[in-house]
There are 2 protein chains.
Amino acid sequence: MQDLIKATKALSDETRLRLLNLVLTRECCVCEVMQALNISQTRASRNLKALHEAGFLKLRKNGLWSLYSVDEADMQARYPHLLRAVKRALQNNATAAEDRARLKKAERLGPGCVGQP
Amino acid sequence: MQDLIKATKALSDETRLRLLNLVLTRECCVCEVMQALNISQTRASRNLKALHEAGFLKLRKNGLWSLYSVDEADMQARYPHLLRAVKRALQNNATAAEDRARLKKAERLGPGCVGQP
DNA sequence: ATAATATATGCGAATATGCGCATATAAAGC
DNA sequence: GCTTTATATGCGCATATTCGCATATATTAT
């Protein structure tokens, strides 16, 4: 029950749902999502961390970047239904679609960007 | 997206999850759930109302009672996955099982109780 | 009508949450 | 070494949430 509380608390925030929407499309670093959602670095970093601590995202460090991605396998094991509910809600949402479009234009900043997947 | 936020916010609270657990077994009035969870009348009333406003419960008035029940059909239509996630979390939880046991012993108070299903 | 009862709610206090600002941390390049 | 850059975090403030107390509301019984 406590796990579900932690998970639903993490989902009950517009910024975090919009972040999850982006990371569901592909692995993202902090600077990309702050461009796509037009939010501050503090806000992006803290809410990504919250999603990570709630068990929705996994974190991988590469140089200066913190790369967040959805841990689909773990999610499927622990919350087989929650992720479906989220995807469903994001699929028919205009804001979520616009965010995904802006993510495509967002750039991964930094000198080490070239050739670092 | 806003609907999902409202729904997950309603679910991200232990009192409300325990209440939902009870009402999932059968229609309940306020005085029954406050006995089963051993919580105050204010707390029971307000959190049931929150679940109702979030679209999880339907409300029916009968005499002095407010009878809350899960609107399974509507839930299924609007959140086909959320309810499953909740049921799954409650199924393997000791507190939830104890609450259900105490609900069976709870009495629907009031003089009009006899013969009022 | 009055009394009793179940539920709802205004108010206030305690606590939690979200986020901006400034700063710290850490990795890469010079 | 120093600088630059991406990210994390301590602090403080504004806002939101939760809940108890007291009281209001509504229904039934007498």
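Below, chains carry the letters A, B, ... as their sequence lines are ordered, and counting in each starts from 1.
- The shortest side-chain heavy-atom distance between A/K105 and A/Q35 does not fall under the 4.5 Å cut-off.
- In this structure, the CG atom of A/L37 is 11 Å from the P atom of C/dC19, given to the nearest Å.
- The shortest distance between the side-chain N/O atoms of B/S66 and the OP1/OP2 oxygens of C/dA6 is not below 4.0 Å.
- Counting to the nearest Å, the P atom of C/dA16 and the CG atom of B/D13 are 13 Å from each other.
- Of the residues near DNA chain C, B/S45 and A/R16, the one whose nearest nucleotide (by heavy atom distance) lies more toward the 5' end is B/S45.
- Remark: A/K87 engages A/E72 in a salt bridge, criterion side-chain N to carboxylate O under 4.0 Å.
- Distance, A/E53 CD to D/dT9 P: 8 Å, rounded to whole Å.
- Of the side-chain N and O atoms in A/K9, none sit less than 4.0 angstrom from OP1 or OP2 of C/dA16.
- Between A/G63 and A/R43, the residue anchored closer to the 5' end of DNA chain C is A/R43, taking for each the nucleotide with the nearest heavy atom.
- In this structure, B/L67 places its CG atom 8 Å from P of C/dT7, rounding to the nearest Å.
- Under 4.0 angstrom from either OP1 or OP2 of D/dT7 there lies no side-chain N or O belonging to A/K49.
- A/Y68 has no side-chain polar atom (N or O) that falls below the 4.0 Å cut-off from OP1 or OP2 of D/dA6.
- Annotation: side chain of B/L48 is in contact with side chain of B/V23 (closest heavy-atom distance under 4.5 Å).
- Ranked by how close their nearest DNA chain D nucleotide is to the 5' end, A/M34 and B/R46 are led by A/M34.
- Residue A/T15 places at least one side-chain N or O under 4.0 Å from the OP1 or OP2 atom of C/dC19.
- Atom pair B/N47:CG and D/dG20:C1' shows a separation of 13 Å (rounding to whole Å applied).
- Summarising the geometry, the separation between CZ on A/R18 and C1' on C/dG18 is reported as 15 Å, rounded to the nearest angstrom.
- Minimum atom distance to the side chain of B/T42 is reached by D/dG20, of the listed D/dG20, D/dA8, C/dT7.
- In this structure, A/S40 reaches the sugar-phosphate backbone alone: every heavy-atom distance under 4.0 Å involves primed, P, OP1 or OP2 atoms, never a base.
- Comparing atom distances between the B/L64 side chain and each of C/dA22, D/dT27, D/dA6 picks out D/dT27 as nearest.
- Relative orientation of the B/F56 and B/Y79 rings is parallel, given thresholds of 30° and 60° on the angle between their planes.
- Rounded to whole angstrom, the span from the CG atom of A/L48 across to the C1' atom of D/dA6 amounts to 13 Å.
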(request) Take A/L20 and A/L57, measure what side-chain contact (heavy atoms from CB on, under 4.5 Å) needs, and give me the verdict at the end. (result) CA-CA 8 Å; A/L20 190 51; A/L57 303 185; 3.8 Å; yes

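- A/Q41 places its CD atom 7 Å from the P atom of D/dA8, with the value rounded to the nearest Å.
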